[in-house]
Number of protein chains: 2
Amino acid sequence: MTRQEQKRASPQTRRRGDALVQSIHEAALAELAAVGLGRLTMEGIARRAGTAKTSLYRRWSAPHDVLLDAIRDEHPQEVASPAADDLRGDLLRALRQLVAWLGTPTAAAVAAIMAERRRYPELARALYERVFDARGGRFTLTVLRFYAARGHIDPARITPIVADLGEALVFKLALDADAPPSEEQLVAIVDQAILPALGLDPARRSGKS
Amino acid sequence: MTRQEQKRASPQTRRRGDALVQSIHEAALAELAAVGLGRLTMEGIARRAGTAKTSLYRRWSAPHDVLLDAIRDEHPQEVASPAADDLRGDLLRALRQLVAWLGTPTAAAVAAIMAERRRYPELARALYERVFDARGGRFTLTVLRFYAARGHIDPARITPIVADLGEALVFKLALDADAPPSEEQLVAIVDQAILPALGLDPARRSGKS
DNA sequence: CTTTTAAGATACGTGTCCGTATCTTAATCG
DNA sequence: CGATTAAGATACGGACACGTATCTTAAAAG
């Protein structure tokens, strides 16, 4: 056993550098979920992260700064690639992905900031500038554009309202029920709202025969 | 000049009874809008109402109680009566009414509670029980049912998703822009989303010729 | 190994809010 | 008018968080 191995055998008690920052980020998101924006404190984040306030103040001047960094680090986002010949399936996949994201601590943080954007305008602005552009990240828009480019959809149908449909309904359902929409509800969103709005109404097509 | 008129001539400095409660209610809603649920305090409400904490504690034990009473008192709601032969116009009227309500302090309070329902479940529950049933108050549903009963709409089209469409889009637009949707946007919601979902697609109808 | 770095622990004065207690006094009642 | 009621003002001890300062010590560097 070399001296290096002996050193490894003793359990580490302190986190340093990136490991510590990662822990603090996770703690910030969890603390936000627990207490909300108005009650987010350095003491709370530090307590939850199991670290000292000094470690936080060495890097950030306020809890909102910690939160923004946490969101940015946890936010990497990939939108599913459309299949090419299954509009309905791809819309469903996109909505499922949205629902999956809604279950993350990051989504909860983004929602909290959006909900209180009038009270914390600087925070909301910083979210846009430092994390994402507000109009980006539409899960269904990628799919719609993909199929319009291939001639499956009349491009004139892809208006801002139609592009917003899927997300608006998912958010509303989630808010009303305080639970993610079911697969059945996602299917209903696609079949009863999105496709009709695109001029591809399943109820009308089956009624053709 | 009688003694009663003399008494009226001296400016009153204190509010009593209902007048005081009304002031406190308004203050509670305004304070909530300013600081949010997490920072709503008795001291804040009292300060804003220009009264003493004792006056609050004589009636309520916590700021959330004040808030609930304020919402209930300010919440009376009337949905516009449909016209009978103007589905599109009535849907627009209903959406305008929703937008008008969204501009009230009460709506902001309801939104705040809904946004933080996971952090304040008791408060959210009390909102449902003491103020309104969660599934009530759908602005467009009254219109849809009215026209279905008259045969203008296939009742099978009025699914929960379709019933939710208008409100979901209005909420999303308002949230994204931090401003009420414009009249043009309301028109787009009706023409591009609601009517197609009802099988009454304007774009398809005009394409008939 | 020693030195350096930064993580962690704690103290401190200040400010805000809580909920209760006490008192003064405007407004209403009889 | 006097008596009663409740509105308003203020004090108080305790809890919590702030941001800064100081010190100890684990971990990394050389």
Side-chain angles (χ1 to χ4, degrees), chain A residues 1-28 30-32 34-67 69 119-120 122-123, chain B residues 1-28 30-32 34-67 69 119-120 122-123:
Chain A
M1 187 182 289
T2 66
R3 283 188 172 244
Q4 203 172 14
E5 286 171 336
Q6 280 177 338
K7 196 175 274 186
R8 287 232 183 102
S10 69
Q12 293 202 336
T13 62
R14 288 179 180 179
R15 297 149 299 184
R16 287 175 80 92
D18 287 349
L20 178 64
V21 170
Q22 173 75 7
S23 295
I24 292 169
H25 282 174
E26 285 167 11
E31 186 68 8
L32 175 73
V35 305
L37 265 184
R39 290 174 181 262
L40 190 67
T41 63
M42 284 308 220
E43 298 223 8
I45 297 171
R47 193 185 303 117
R48 191 174 285 262
T51 194
K53 277 197 300 186
T54 40
S55 295
L56 264 64
Y57 279 114
R58 285 193 188 107
R59 295 167 172 78
W60 300 282
S61 55
H64 290 174
D65 295 332
V66 190
L67 185 63
D69 275 3
R119 283 186 281 273
Y120 306 98
E122 295 298 330
L123 181 58
Chain B
M1 188 183 287
T2 66
R3 283 191 169 239
Q4 205 172 11
E5 288 169 338
Q6 280 176 338
K7 196 177 273 186
R8 288 232 183 100
S10 70
Q12 294 200 332
T13 60
R14 289 180 182 180
R15 297 148 298 182
R16 288 174 80 90
D18 286 351
L20 179 63
V21 170
Q22 173 75 9
S23 295
I24 291 169
H25 281 174
E26 285 166 11
E31 185 69 10
L32 175 74
V35 304
L37 264 185
R39 290 174 182 265
L40 192 66
T41 64
M42 286 305 223
E43 297 222 10
I45 295 170
R47 195 185 301 117
R48 192 174 285 261
T51 193
K53 277 198 295 183
T54 40
S55 297
L56 265 63
Y57 280 114
R58 284 193 189 107
R59 297 167 171 78
W60 299 283
S61 55
H64 290 174
D65 295 333
V66 190
L67 185 64
D69 275 4
R119 283 184 280 275
Y120 306 99
E122 296 298 329
L123 182 58

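All values derive from a computational prediction rather than experimental measurement. Hydrogens, waters and symmetry mates are skipped; everything else that's a heavy atom, side chains included, is used. Below, chains carry the letters A, B, ... as their sequence lines are ordered, and counting in each starts from 1.
Between A:Leu56 and the choices A:Thr51, A:Asp65, A:Leu20, the side-chain contact (heavy atoms from CB on, under 4.5 Å) rule is met once, by A:Thr51.
The residue B:Thr41 sits close only to the backbone: its heavy atoms come under 4.0 Å of sugar-phosphate atoms, none of a base. Residue-level contact check: B:Arg39 touches neither bases nor backbone, having no heavy atom under 4.0 Å from any strand. Across all strands shown, A:Gly17 has heavy atoms under 4.0 Å from sugar-phosphate atoms exclusively, and none from any base.
Distance B:Arg47 CZ to C:dC17 C1': 9 Å, rounded to the nearest Å. To the nearest angstrom, C1' of D:dA6 lies 12 Å from CD1 of B:Ile24. Between the CD atom of A:Glu31 and the C1' atom of D:dA17 there is a distance of 12 Å, rounded to whole Å. Residue A:Asp18 contributes atom CG, which lies 13 Å from atom P of C:dA6 at whole-angstrom precision. When rounded to the nearest whole Å, the span between OH of A:Tyr57 and P of C:dA7 equals 16 Å. Taking atom NZ of residue B:Lys53 and atom C1' of nucleotide D:dA6, one finds them 18 Å apart after rounding to whole Å. Here the C1' atom of nucleotide C:dG19 and the CD atom of B:Glu43 are 10 Å apart, to the nearest Å. Atom pair A:Trp60:CH2 and C:dA7:C1' shows a separation of 13 Å (rounding to whole Å applied).
Taking only side-chain nitrogens and oxygens, B:Thr54 never comes nearer than 4.0 Å to OP1 or OP2 of D:dG8. The phosphate of D:dA6 has neither OP1 nor OP2 within less than 4.0 Å of any side-chain N or O from B:Arg15. Distances shorter than 4.0 Å separate some side-chain N or O of A:Thr13 from OP1 or OP2 on D:dA27. The phosphate of C:dA7 (OP1 or OP2) has no side-chain N or O of A:Gln12 nearer than 4.0 angstrom. Put simply, A:Arg59 has no side-chain N or O that comes within less than 4.0 Å of OP1 or OP2 on C:dA6.
Here the nucleotide nearest the side chain of A:Arg16, chosen from C:dG8, C:dT22, C:dA6, is C:dA6. Of all nucleotides listed (D:dA6, D:dG8, C:dG8), C:dG8 comes nearest to the side chain of A:Ala52.
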Please step through side chain to side chain contact (heavy atoms under 4.5 Å, CB included) for the pair B:Leu37 and B:Leu123, ending with a clear verdict.
CA-CA 10 Å; B:Leu37 264 185; B:Leu123 182 58; 3.7 Å; yes
Going through the distances and angles, do B:Arg47 and B:Thr41 end up as a side chain to side chain contact (heavy atoms under 4.5 Å, CB included)?
CA-CA 10 Å; B:Arg47 195 185 301 117; B:Thr41 64; 5.8 Å; no
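Note on ring orientation: taking the six-membered ring where Trp is involved, the planes of B:His64 and B:Tyr120 are perpendicular (angle over 60°, cut-offs 30° and 60°).
Comparing A:Arg58 and A:Met42 by the nucleotide of DNA chain D whose heavy atom lies nearest to each, the residue mapping closer to the 5' end is A:Met42. Mapping B:Arg14 and A:Gly44 onto DNA chain D by nearest heavy atom places B:Arg14 closer to the 5' end of the strand.
The closest donor-acceptor contact from the side chain of B:Arg119 to the backbone of A:Leu32 lies under 3.5 Å.
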